[in-house]
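Following: one structure in structure tokens, then a few remarks.
Here is the naming used below: chain letters follow the sequence lines, and residue numbers restart at 1 for every chain.
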2 protein chains.
Amino acid sequence: MEKIKVFAPATVANVGPGFDVLGLAIDGIGDELEVIKIDNGIKINPISGFEDLPVDPKKNVIGVAIQALLDETKLSNGFEINVKKRVMPGSGLGSSASSSAAAVFAVNELLGQPYSRQELVKFAMEGERCASGKAHADNVTPALLGGFTIVRSYTPLDVVNVPYPKDLHVVVVHPQIEVKTSDSKRILKKDVSLETAISQWGNVAGLIAGLATENYELIGRSLEDYIVEPIRSVLIPGYDGAKKLAMENGALGCSISGSGPSIFALTKGKATAEKIGTAFTNYYSSLEIDHKVYLSAINAEGAKVI
Amino acid sequence: MEKIKVFAPATVANVGPGFDVLGLAIDGIGDELEVIKIDNGIKINPISGFEDLPVDPKKNVIGVAIQALLDETKLSNGFEINVKKRVMPGSGLGSSASSSAAAVFAVNELLGQPYSRQELVKFAMEGERCASGKAHADNVTPALLGGFTIVRSYTPLDVVNVPYPKDLHVVVVHPQIEVKTSDSKRILKKDVSLETAISQWGNVAGLIAGLATENYELIGRSLEDYIVEPIRSVLIPGYDGAKKLAMENGALGCSISGSGPSIFALTKGKATAEKIGTAFTNYYSSLEIDHKVYLSAINAEGAKVI
């Protein structure tokens with residue numbers, strides 16, 4: 001195989017209480033990469049619509065993630081990459097993760113699949129380190145594996161899928177104001193009270209149990225985040241109003257997607273997701289804030305050849 | 001019905017990373033109560049083998065838990081209680097929870113089941129408040145419900161069962177040195193670093209996912225506790241040696257039961273539990289520390305009529 005086209009989905013990280021640990025993949029939005037074998041080097045062509053993204057492979061998450069894979073394999077293959085970027089940087093929907101995941105997935109295919117999807121996570125994480133200064137895995141894991149994922153441990157890296165009910169849907173609104181992950185991380189406190197941490201992992205336990213046993217009500221009750229949402233939500237215009245609308249329109253729960261500013265709600269069924277999507281659109285239109293709404297089932301596939 | 005005999009099992013609270021949230025019920029050890037309707041008042045007869053436990057119903061967990069139930073029902077029934085206490089106070093195996101759970105379960109049966117098992121938890125918690133100063137629910141919940149349980153939230157109280165693989169076994173060693181829950185709580189720090197909390201809820205997520213998907217290896221990898229074990233284990237003689245032996249003999253994981261000093265290990269299958277039980281016995285005999293070993297599948301029933 002000399003070239004390949006791949007897709008990796010946008011993702012919602014944290015998912016309520018699971019800061020830095022939980023994530024899920026969205027259907028219908030993600031980055032597309034065409035990766036072509038060349039003699040040597042990594043050549044990233046200018047990215048249409050995102051001309052300010054660097055094409056230097058040492059500064060672009062795609063180049064960094066591919067190089068991490070090549071460094072471990074001791075291979076010196078070359079690749080040229082054409083990018084159709086659909087996930088907007090700074091949206092809180094795993095923009096860099098989508099590109100990094102797609103890149104290592106494509107290269108792994110072209111090299112004859114030396115790695116499993118789980119093993120690819122650590123290379124894609126180097127893309128995240130390049131984007132935000134920290135090699136976090138909560139977006140790249142669902143972007144590669146699909147579904148609902150847990151980063152159980154970073155040292156050693158241990159990522160697993162959780163089963164989830166098939167009628168679970170996600171609705172996301174992206175108010176188009178950039179929040180850089182690095183800024184958004186900085187405002188978090190270094191310590192939390194043990195009491196608050198206990199409440200948080202009570203919800204983490206409830207959320208995983210609710211997903212695995214298809215208990216929608218338990219999923220909903222467990223989505224509350226006591227640690228990150230109170231701090232980060234103040235950076236997101238209209239957050240409280242949007243969350244109130246989601247809950248009034250039947251959301252199981254609603255919280256910040258990744259570092260924001262995107263807001264996600266989980267629902268049982270597509271109809272409720274659509275209703276909330278309309279409410280989000282009307283609300284942000286009334287605030288005169290540019291925004292996009294995405295409706296989706298959970299993406300079960302993760303990165304894929306297209 | 002004028003009288004009833006009931007049993008409520010001993011329990012392991014915390015279960016590795018799930019401090020104040022997770023718990024499981026043990027087979028084969030628990031408190032037995034005979035509860036007899038009388039005209040009025042709560043009369044607790046002296047408890048054989050535990051003559052220093054108070055029989056004043058305002059000071060005994062059984063009386064306090066029953067009174068909490070009667071206060072809510074606005075009933076003024078009287079009950080006389082005979083106790084066969086099998087779970088040693090201060091063992092870390094939910095001694096007070098076993099008595100409290102049995103008491104409210106028995107009274108609920110005698111009154112014609114006005115409450116569900118879940119609803120009985122809040123009354124049994126008042127017994128815990130009497131015993132330790134804090135109305136914790138992580139022992140009374142599995143003592144009432146059986147199985148593996150989550151206290152997702154205290155306000156409002158929300159307790160749920162988690163499915164678990166049927167071949168999961170528990171082996172417990174109780175080095176017979178009293179550790180009072182109130183002392184053991186006092187030495188915990190009020191704050192934890194966000195980084196450590198994230199590692200902890202990564203393991204909580206992994207543990208629940210492992211239980212629900214019958215993934216024994218994931219259960220094992222997730223049992224590590226970064227917050228409580230490093231502080232409390234120093235109070236338990238032989239802790240590091242016992243844990244090392246458990247792991248060498250095939251335990252999935254090993255940690256402190258409740259506030260200790262009991263130590264539990266989870267295993268796949270009874271044979272491994274027996275092997276570890278023998279290793280625990282030999283080890284604590286060599287240290288000349290009195291001890292008891294309990295081997296058990298997970299108790300699926302919780303409190304029951306006998």
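In this structure, chain B has heavy atoms under 4.5 Å from both the backbone and the side chain of A:I198. Residue contact with chain A, scored on non-hydrogen atoms closer than 4.5 Å, involves the backbone and the side chain of B:S193 alike. Contact annotation for A:L22: only side-chain heavy atoms (C-beta onward) come within less than 4.5 Å of a heavy atom of chain B. Residue A:V192 touches chain B through both its backbone and its side chain, counting heavy-atom pairs closer than 4.5 Å. There is no contact between B:L207 and chain A, counting heavy-atom distances below 4.5 Å. Contacts between A:D158 and chain B at a heavy-atom distance below 4.5 Å involve the side chain alone, from C-beta outward.
Separation of atoms NE2 (B:H136) and OG (B:S96) is listed at 6.5 Å; rounding is to 0.5 Å.
Of the listed residues (A:R221, A:E195, A:K190), the one with the most heavy-atom contacts under 4.5 Å to chain B is A:R221. Put simply, of B:G206, B:S222, B:A212, B:A205, the one with the most heavy-atom pairs under 4.5 Å next to chain A is B:A205. When the candidates B:D191, B:L218, B:V160, B:V204 are compared by the number of heavy-atom contacts under 4.5 Å with chain A, B:D191 comes out ahead. Here A:I208 is the residue among A:L211, A:I208, A:T213 with the most heavy-atom pairs under 4.5 Å with chain B.
Judged purely by atom type and a 3.5 angstrom limit, A:R117 has no side-chain atom pairing as donor or acceptor with the backbone of A:L145. Side-chain N or O atoms of B:Q200 include one that pairs as donor or acceptor with a backbone N or O of B:Y226 at under 3.5 Å.
Residues B:A101 and B:V140 approach most closely at CB-O, 4.5 Å, considering heavy atoms. Nearest approach of B:A143 to B:T11, heavy atoms of both residues: N-CG2, 3.5 Å. When all heavy atoms are compared, the tightest approach of B:G260 to B:I236 is CA-CD1, 4.2 Å. B:G210 and B:I219 get closest at one heavy-atom pair: C-CG1, 3.5 Å.
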